[in-house]
Peer 1: 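Encoded as structure tokens, here's the structure I'll be asking about.
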Amino acid sequence: MSDTPTTQYDAIVIGAGFGGLYALLRLRDELGLSVRGFDGAGGVGGTWWHNRYPGARVDAPSAPFYAYTFSKELVDEWTWTETQSTSADVLRYLDHVADRFDLRKDIEFNTRVTDARWDDDTQRWTVETSRGDQASARFLICATGALFVANKPDYPGIDDFAGPMYHTGRWPHEPVSFEGKRVAVIGTGSSGVQAIPEIAKTAAHVTVFQRTAQYSLPARNRPLGAEELQGYRDDWENLRRSMYHRGGWPFATTRLKASDHTPEQRHARYEELWEQGGIQLSINSYVGVLVDEELNREVGDFVKGKIRQIVKDPETARKLTPDYLFGTKRLILDNGYFETYNRDNVTLVDLREDPIKSFTATSVLTEHGEHPIDLLVLATGFDAVSGSMLQIDPQGRNGVRLSDKWNERFDTYLGMVVSGFPNLFMIHGPQSPGVLYTMPLGGERHTAWIEACIRHLDEHGLGTIDTTEDAEAAWDDEVNSLANRTLYPRTKSWYTGANIPGKPRQFLAHAMGSRYFDRIDAIAADGFPGFVFEPRRTADRPAPATV
Ligand code: NA7
């Protein structure tokens, strides 16, 4: 750490996305702490600040539920216009939130936290920023984002490509024109599947390089009418309660078992839910789609049949047909993805049959050919969930770095704390529900827990909260046993770390969102079993920050 003077706060919040903004608000306005936020971006938004590629939308039927729930006034005053919000809509919303709750004045934008170090003597974290400044605080809240560190493939010669190259997760803020261009898109996860139909509308040609064929369901995005939105507002308290108990969304899930229906009835039901669109086929067909392999294969076969129906060229349809268990990679919602392959200006390259060998200044070279291009889009995803924490790589007790601790496994307790890293809280950390839950609501619930924890410390004259390796091991068992009841771990995906070469393989999320939040609330109510506390060594809070 440098000799630069250190500004003192009660809490530092890293990240100004949904999670970080809410943590800043609560800790400042409810607990009365002096709080400083930092974000490397030029404004609020977190993931949404960076993911502004064409077609970027929330990958769920979002409006008005992919939003904060804590303020009924906010619900009443914000008008969502489509059922599946665009990235731009979400950003506008978060800008409004930042203004309405006067959050900007406490955030340093364009400022990355580059290092963070715990000091046992002072019971404080000191962080260093990309501007060379230092700040110190009792509490370090890491709302660093589950989908933040872009994964760039290391194909030979990729940097020799002379044309523009954009990663969907780091999209430029200036408009990108595809007009008349030959575009290569590598990657067919949510980002690629959302971007490809949009790019194809104006590009001269789009060549899609696909490593894994994906299941994608029609989003059936539509305008959200004023009356429908008002209906949600009028019923808000009920809906909010349902969100708490139904995996983060207020939608009822089915209680029907596959055995309740004949194969013909089941097929008719799949058709109906496909027409409804969104995640209906997954959550509302029959109980246990992600648990019961036979049922899963039946639903998967139904979607494969749809792909064959939509895509006119049988060879392209074959390449687009997934070969893994339905929904065990992130389920994608699209707006005309498979239909796009019926256009004359779109070609699919299956990388399993024709792998990329290298790049030249003007083309992609695959085993079987050369693909001249003017522009390259990398829709290759993220070092998800753990990557953003490891980029900061905080140093805890005895100088141990998080990267040492997480060398082989991403151990946490409750997905929020890591032993040896006192007073550090993660929002959406590994082994919390994170991306398997509604992220804004999950952030609210994590923050409520952190708030309760800080109150507990202050009420009992405690200076630190830490956990133990035993508690982490028990948590690991709990998270794994839940995951192993599902089909998720059977598939290589970013949920299991398999998308990043060399990353430890581990199911990174707690598979039962609502149950998870009930569990952590009970732990707080029970006086925080599994945690260890130390008395506060400094009598008073530091003087309020001067900047
Ligand atoms: P994803 O879902 O991780 O998708 C990345 C895609 O890129 C996926 O098709 C990958 O294939 C492919 N990929 C990754 N690395 C390579 C290399 N080296 N070569 C070829 N293809 C590659 O990321 P997204 O940004 O689409 O979505 C992330 C989440 O954001 C999404 O789930 C939503 O929650 C929002 P693979 O399947 O690994 O074989």
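In this text the structure is predicted, and so the values were computed from the model without any measurement. Atoms within each ligand, like the ligands themselves, are counted from 1 in listed order.
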Peer 1: Is the shortest side-chain heavy-atom distance between L378 and T168 below 4.5 Å?
Peer 2: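 No - every pair of side-chain heavy atoms lies 4.5 Å or more apart.
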
Peer 1: Any side-chain donor-acceptor pair under 3.5 Å between E179 and T202?
Peer 2: no

Peer 1: List the protein residues in contact with ligand 1, where contact means a heavy-atom separation under 4.0 angstrom.
Peer 2: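 Its neighbours under 4.0 Å (heavy atoms only) are D59, L147, N151, P153, Y155, I186, G187, T188, G189, S190, S191, R211, T212, Q214, K329, R330, L351, A379, T380, G381, F382, W494, given by chain and number.
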
Peer 1: Hey, is the main chain of D383 close enough, under 3.5 Å, to the side chain of N499 for a donor-acceptor pair?
Peer 2: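 No.
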
Peer 1: Under 3.5 Å, is there a donor on one side chain and an acceptor on the other for Y516 and E478?
Peer 2: no

Peer 1: For a quick check under 3.5 Å, do Q194 and D334 share a side-chain donor-acceptor pair by atom type?
Peer 2: no

Peer 1: Whether R297 and E294 form a salt bridge (side-chain N of Lys/Arg under 4.0 Å from carboxylate O of Asp/Glu) is what I want to check.
Peer 2: no

